Amino acid sequence: MSRRGEFGFIDFIRSNFPDPEGTTGIGDDCAVMPSGEGELLFSTDLLMEGVHFLRNESSPEDVGWKAAAVNLSDIAAMGGTPVATFLSIALPKDALGEWADRFIEGYTEISRQFDVPLLGGDTTSSLRDIAVNVGVLGRCPSGGRLMRNGAKVGETIYVTGPLGDSAGGLKAILMGIERTDDVTRLICRHKRPIPRIEAGRILMESGKAGAMMDISDGIGSDLRHIMKASGVGAVIDLERLPLSPELVSVCKEQGWDIYEMATSGGEDFELMFTAPAGLENELDIAVYPIGKIVPGNELSWRFSNEPMDRDFDGYKHF
Ligand code: ADP
Ligand code: MG
């Protein structure tokens with residue numbers, strides 16, 4: 001990449017992200033920020049063209065949105081508050097310019113919506129594919145963070161919103177079905193997931209939750225992480241899974257298996273957590289009980305209290 005191109009691009013990013021008061025962001029060798037109190041949270045996620053997005057299927061704005069969203073979701077999943085992001089990006093020649101600038105527009109839009117500054121990163125050329133790595137820094141009061149290992153036998157399993165919409169949106173894109181209003185809404189849930197930062201913080205502050213994580217691979221896969229880390233089993237009641245009216249109607253029209261989608265399709269980025277029963281009536285946010293933590297190490301599925309001899313095991317990257 002020409003130095004001019006690289007620095008012109010960084011200048012453009014910088015113009016979208018002025019330094020917050022008391023913090024030095026883009027422009028020096030390191031970002032500098034006050035360290036404050038409590039515990040720091042840090043996570044990164046790598047997105048590869050051809051693996052996580054296709055240049056001709058997703059707009060650059062949507063890729064920029066999602067690159068930030070999935071990282072903010074990791075902070076939400078701990079009950080933390082995002083403080084800043086860092087963006088490293090490798091750009092082939094044909095992506096510097098319009099693609100990269102539009103990517104930054106989407107990244108800026110979600111960053112402003114959740115009031116999270118971009119404080120630095122790195123920019124380099126790539127021979128062919130675009131690669132994007134976002135690092136996110138968050139904060140949480142000492143001891144408040146919610147981990148995957150805190151689930152206890154007898155707790156109820158909850159999620160913060162409808163499951164399967166993103167998987168429905170992805171399937172609609174891949175199959176090229178007609179873009180009705182319902183289909184368009186599912187596709188939007190896939191391309192522009194909303195990190196559940198507020199819900200995560202409220203759950204952390206409630207002091208009620210045992211374990212928490214965000215749903216990126218479907219509950220059939222993600223719940224097993226909580227089970228393994230906590231040394232417990234789980235039972236899910238399929239008929240209790242929250243399903244959006246859009247997903248219900250599109251699945252009916254297309255003949256898609258809605259439970260497969262809601263359990264095994266990834267990228268909803270709702271939160272899943274464990275807590276005492278009855279929490280759905282105690283909080284200012286909607287939470288949906290979907291099952292129970294039980295002794296053992298098995299995940300089983302029921303429908304109307306009847307055991308099912310079927311498994312749903314989530315999205316696999318390999
Ligand atoms: P260095 O030589 O220290 O890596 P660079 O010239 O790569 O510095 O970057 C200059 C400044 O621009 C640094 O503050 C860096 O954090 C910031 N920066 C570079 N690329 C990006 C990017 N993609 N997003 C945000 N900030 C960036
Ligand atoms: Mg650099």
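Indexing begins at 1, ligand by ligand and atom by atom, following the structure's order. Throughout, numbering of the chain's residues begins at 1 and tracks the sequence. Note that this is a predicted model, so its numbers are computed, not measured.
Considering both main-chain and side-chain atoms, Phe7 never comes within under 3.5 Å of ligand 1 through any nitrogen or oxygen pair.
A salt bridge between Glu109 and Arg192 is present, with a side-chain N of the basic residue lying under 4.0 Å from a carboxylate O of the acidic one. The existence of a salt bridge linking Lys252 and Asp182 is excluded, since no basic side-chain nitrogen approaches an acidic carboxylate oxygen closer than 4.0 Å.
For the residues Gly27, Ala100, Gly120, the heavy atom positioned nearest atom 26 (N) of ligand 1 is part of Gly120. Of the listed options Ile89, Val134, Thr123, Leu87, Leu87 places a heavy atom closest to atom 24 (N) of ligand 1.
The shortest non-hydrogen separation linking Trp99 to Ile89 is CZ3-CD1, 4.5 Å. Taking every heavy atom of both residues into account, Met227 and Ala234 meet most closely at SD-CB, 3.9 Å. Closest heavy-atom contact between Ser142 and Gly38: OG-CA, 3.6 Å.
Ligand 1 has no atom lying under 4.0 Å from any heavy atom of Phe17.
The proximity of Asp28 to ligand 1, defined as any non-hydrogen pair under 4.0 Å, is limited to the backbone. The side chain of Ile10, and not its backbone, has at least one atom closer than 4.0 Å to an atom of ligand 1 (non-hydrogen atoms only; side chain from C-beta on). Only the side chain of Ile13 comes within 4.0 Å of ligand 1, counting heavy atoms alone; its backbone N, CA, C and O stay farther away.
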